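Read the structure below first, then the notes.
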There are 2 protein chains.
Amino acid sequence: MTTMTRAKGATALPINTILSGDCIEAMNSLPENSVDLIFADPPYNLQLKGDLHRPDNSKVDAVDDHWDQFNSFAAYDSFTRDWLKAARRLLKPDGAIWVIGSYHNIFRVGSALQDAGYWILNDVVWRKSNPMPNFRGKRFTNAHETMIWASKSEGAKYTFNYEALKALNEGVQMRSDWVLPICNGGERLKDDNGDKAHPTQKPQSLLHRVIVGSTNPGDVILDPFFGTGTTGAVAKMLGRDWIGIEREESYRKVARRRIDDIRAFDGTALQVSTSKRAEPRVPFGQLVERGMLRPGEMLVNTRGQSAKVRADGTLVGDGVTGSIHQVGAKLEGAPSCNGWTYWHFKREGKVVPIDVLRQQIRAEMQ
Amino acid sequence: MTTMTRAKGATALPINTILSGDCIEAMNSLPENSVDLIFADPPYNLQLKGDLHRPDNSKVDAVDDHWDQFNSFAAYDSFTRDWLKAARRLLKPDGAIWVIGSYHNIFRVGSALQDAGYWILNDVVWRKSNPMPNFRGKRFTNAHETMIWASKSEGAKYTFNYEALKALNEGVQMRSDWVLPICNGGERLKDDNGDKAHPTQKPQSLLHRVIVGSTNPGDVILDPFFGTGTTGAVAKMLGRDWIGIEREESYRKVARRRIDDIRAFDGTALQVSTSKRAEPRVPFGQLVERGMLRPGEMLVNTRGQSAKVRADGTLVGDGVTGSIHQVGAKLEGAPSCNGWTYWHFKREGKVVPIDVLRQQIRAEMQ
DNA sequence: TGGCCCGATGAATCAGAGC
DNA sequence: CGCTCTGATTCATCGGGCC
């Protein structure tokens, strides 16, 4: 699988190869100004305390691997500065970098990028369509991760395939928020025991969008935290060259086998990246938040019975508190009720179904 | 509009007032540990080079006000550290802060928050349903902003109205990505010339969700970059007290007029759904004391296993003696168990969860 | 073969009161 | 502060087994 090409300088660039060892040392062994794109999924520095159980008492498989352990923010910052510096040396002047992270580390990474002279082009939010819930109800569902896209320096002529991304997005300009499912099912790589081969494998759809949008065929893409090689797999499919760096032999082994099995331009696994979303669900509470209905306002049904809107989007009526559907069902003595068509509000003497307001929101969202 | 209350210390807290002047000095004049929530929309440190024009050659009205100019990252970081420090002094130990920003500044802010000892709880993405397109087609549509929600320190007992937010989201737990429209139309405040009064006015819907989710009625909310007072307006509507700090008289004037025109929602509309955790605790032994269950009576789980009730409110089953929770956990081999939903008793041939008896007691208590 | 039900699981900084 | 005990808490998806 190893192929060597000559870079501008004297040193060879080991394209389509997985390098072993520490990523900073490995990067420093490569020629400067030789790489078109870097995609990096560094350790997130999660600081997990005790165990976490689901409500059904099953235990959550935590990311507690040794490679994610740092003693302090200072240690993490130092590590981040070092690998970002080594990475920047490798980038061609018009090259770019993507880094993915969560709130645990992404603010450190973003600051370090700016301090190192990179120029941030966008932050892009990966909105997970199926994230793990917050089991204890103590915070918001952690439903996204953040990617930072930056050029090597201000004013660089980075690659951006605007029309290709627009086509991927059904003819509409690609936005900075991408809705994509997490990596599971058949795409999730298993080890010989049938367990997941890597705790944080990224979906190919995410890399597909990154690579289509910010490289051209024949470009060289480096991933210094290669893991099980999603970057290399998608790069190969899309006719780009790649270099991976990975410390753990177990990950390298899985990645090698995976990439060897891929033929270029075999995009069957990527169909999910263009799949259409279902019609957006509009929570009734959003009508209250947006001021379309006031807390305290009365809704009425066709029989003239009424219920009061509360600040959290629940209704109070007939001695019951609950959703528009629940209170409607109670009033009707029915097992269920479509609150959207059941309830009405008054404006200028007229009685209007609340579904009209939902239609307005959907029209804006289109 | 000015109201003064006495804080714990000697200094008065000027609630429901807009303070003028520099936000750091103003914050330092207020008593420490006196504020429940801080919402901050600091300058974004935008670095716009030259004017931006739409495809039809019309000029985009950029954010280039003098208050948004910083000469370097170092100057911006210094400013950020200073106001975050002053803000942290004001927060009650169990208080929290929200800061909103874009990729230009949010990584600096996030790092500074962590360095100052705040503890990040979530980052929340405001996904704009109608953002300004990227006119030049050189980047992704900048379609979101990022908010960071943090407690004053690790382990603090921050306020999170989980059930209210879940109700707002039609019964599904609230995620870290919020889809809300930008502020325009009638909500957008105009100055006397009919131009927009403030370049970055935030939508009320955003503040509604923040305030419902992380404060209780009667709490004090401080906004050190008050602008045209969205925070104060929504706080007043929702029955919270507020303090604004704003340097520009023109913004203060618009904000004062705006907030004076608002009336608060009535008390029952402000009540939100609460968690079971808030309900009074009922010892299982009380069911025995009150004769709702007899000592010697057998309880059963859904698998038909049984345990005997003792006079002191403990159970004996499977060779174990202990609380309803302990014996249930032992039978399931689980780390914990909610005995109230796990155990059932028999009456007239029917199997009834013991939680029904707890509900009876709670109904009598209310 | 199809439909339904059940179990498993995913980058997670996930409790609070009482003594 | 530390220890003990109570008891609250989940969404989307995939795959396997069963009828």
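Source: prediction; values computed, not measured. Per chain, numbering begins at 1; letters A, B, ... match sequence-line order.
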To the nearest angstrom, how far is N193(A) atom CG from dA8(C) atom C1'? 17 Å
Base, sugar-phosphate or nothing for T141(A)? Non-hydrogen atoms, less than 4.0 Å. nothing
Could you state the atom-to-atom distance from CG of D56(A) to C1' of dT9(C) in whole Å? 10 Å
Quickly work out the K59(A) NZ to dG10(C) P distance and round it to whole Å. 12 Å
Quick check: are there more than 12 heavy atoms from other residues, nucleotides or ligands sitting under 6.0 Å from CZ of R247(A)? no
Quick one: Q69(A) CD to dT13(C) C1', roughly how many Å, whole number? 12 Å
Determine the contact category for P203(A): base if any of its heavy atoms lies under 4.0 Å from a base atom, sugar-phosphate if only primed atoms, P, OP1 or OP2 are that close, otherwise nothing. nothing
Heavy-atom count around N71(A) CG within 6.0 Å, excluding the residue itself: above 12? no
Would you confirm whether S111(A), through its side chain, and F107(B), through its main-chain N or O, come within 3.5 Å as a donor-acceptor pair? yes
Under 3.5 Å, is there a donor on one side chain and an acceptor on the other for N184(A) and K196(A)? no
Between dA8(D) and dT13(C) - P atom distance, rounded Å: 24 Å
Check the distance between dG10(C)'s C1' and H144(A)'s NE2 and give it to me in whole angstrom. 16 Å
Scan S275(B) against the nucleic acid and name what it touches under 4.0 Å (heavy atoms): base, sugar-phosphate only, or nothing. sugar-phosphate
Donor-acceptor contact below 3.5 Å, side chain D65(A) vs main chain W67(A): no
Are the aromatic rings of F160(B) and W149(B) close, with centres under 6.0 Å apart? yes
I'd like to know whether W343(B) forms a ring-ring contact (aromatic ring centres under 6.0 Å, His included) with F284(B), so could you lay out the CA-CA distance, the side-chain angles of the two residues, the decisive distance to 0.1 Å, and finally the verdict. CA-CA 11 Å; W343(B) 292 110; F284(B) 173 73; 9.3 Å; no
Base, sugar-phosphate or nothing for D61(A)? Non-hydrogen atoms, less than 4.0 Å. sugar-phosphate
Is the NZ or CZ atom of R209(A) positioned over W178(A)'s six-membered ring, under 6.0 angstrom from the centre and within 45° of the axis? yes
Decide if atom NZ of K49(A) counts as having more than 12 heavy atoms of other residues, nucleotides or ligands within a radius under 6.0 Å. yes
Counting the atoms with a prime plus P, OP1 and OP2 as sugar-phosphate, which does I324(B) contact under 4.0 Å by heavy atoms, base, sugar-phosphate, or nothing? nothing
Length of the line joining W126(A):CH2 and dG10(C):P, which is rounded to integer Å: 13 Å
Which parts of nucleotides 14-19 of chain C does protein reach within less than 4.0 Å, heavy atoms only, written one letter per nucleotide 5' to 3' as B for base, S for sugar-phosphate only and - for none? BSSS--
Quick check on dT13(C): is either OP1 or OP2 less than 4.0 Å from any side-chain nitrogen or oxygen of N142(A)? yes
Side chains of E248(A) and H66(A), donor plus acceptor under 3.5 Å: yes
Does Y342(B) reach the main-chain N or O of V327(B) with its side chain, forming a donor-acceptor pair under 3.5 Å? no
Do Y162(B) and K138(A) have side chains that get closer than 4.5 Å, going by heavy atoms? no
Sticking with atom P, work out how far dG7(D) lies from dC14(C), rounded to a whole angstrom. 23 Å
Can you give the first and last nucleotides of DNA chain D, 5' to 3', that have an atom under 4.0 Å from a heavy atom of chain A? dG7(D) to dG15(D)
Does R175(B) reach a base, just sugar-phosphate, or nothing at all? Heavy atoms under 4.0 Å. nothing
For DNA chain C, which residues in residues 99-112 of chain A have a heavy atom at a distance below 4.0 Å? Y103(A), H104(A)
Between residues 159-166 of chain B and DNA chain D, which residues have a heavy-atom gap below 4.0 Å? Y162(B), E163(B), K166(B)
Between dA12(C) and dC5(D), how far is it from one P atom to the other, in whole Å? 31 Å
Between atom CD1 in I120(B) and atom C1' in dA11(C), what is the gap in whole Å? 15 Å
Roughly how many Å is it from NZ in K128(A) to C1' in dG10(C), rounded to a whole number? 8 Å
Nearest 0.5 Å please: distance from the CE atom of M174(B) over to the CD atom of E163(B). 12.0 Å
Presence of salt bridge, R290(B) and E364(B), under 4.0 angstrom: yes
By the ring-ring contact (aromatic ring centres under 6.0 Å, His included) test, which pairs, at least two apart or in different chains, include something from residues 40-59 of chain A? none
Enumerate, in order of first residue number, the stems that involve DNA chain C, defined as 3 or more consecutive Watson-Crick or G-U wobble pairs with both distances under 3.5 Å. C:2-10 with D:11-19, C:15-19 with D:2-6
So what does C337(B) touch, heavy atoms closer than 4.0 Å: a base, only the sugar-phosphate, or nothing? base
For V309(B), is there any backbone N or O sitting under 3.5 Å from a side-chain donor or acceptor partner on E297(B)? no
Donor on one side chain, acceptor on other, D177(B) and H144(B), under 3.5 Å: no
Does the gap between the ring centers of F70(A) and F79(A) come in under 6.0 Å? yes
With sugar-phosphate meaning primed atoms plus P, OP1 and OP2, does P283(B) contact a base, only sugar-phosphate, or nothing at under 4.0 Å between heavy atoms? nothing
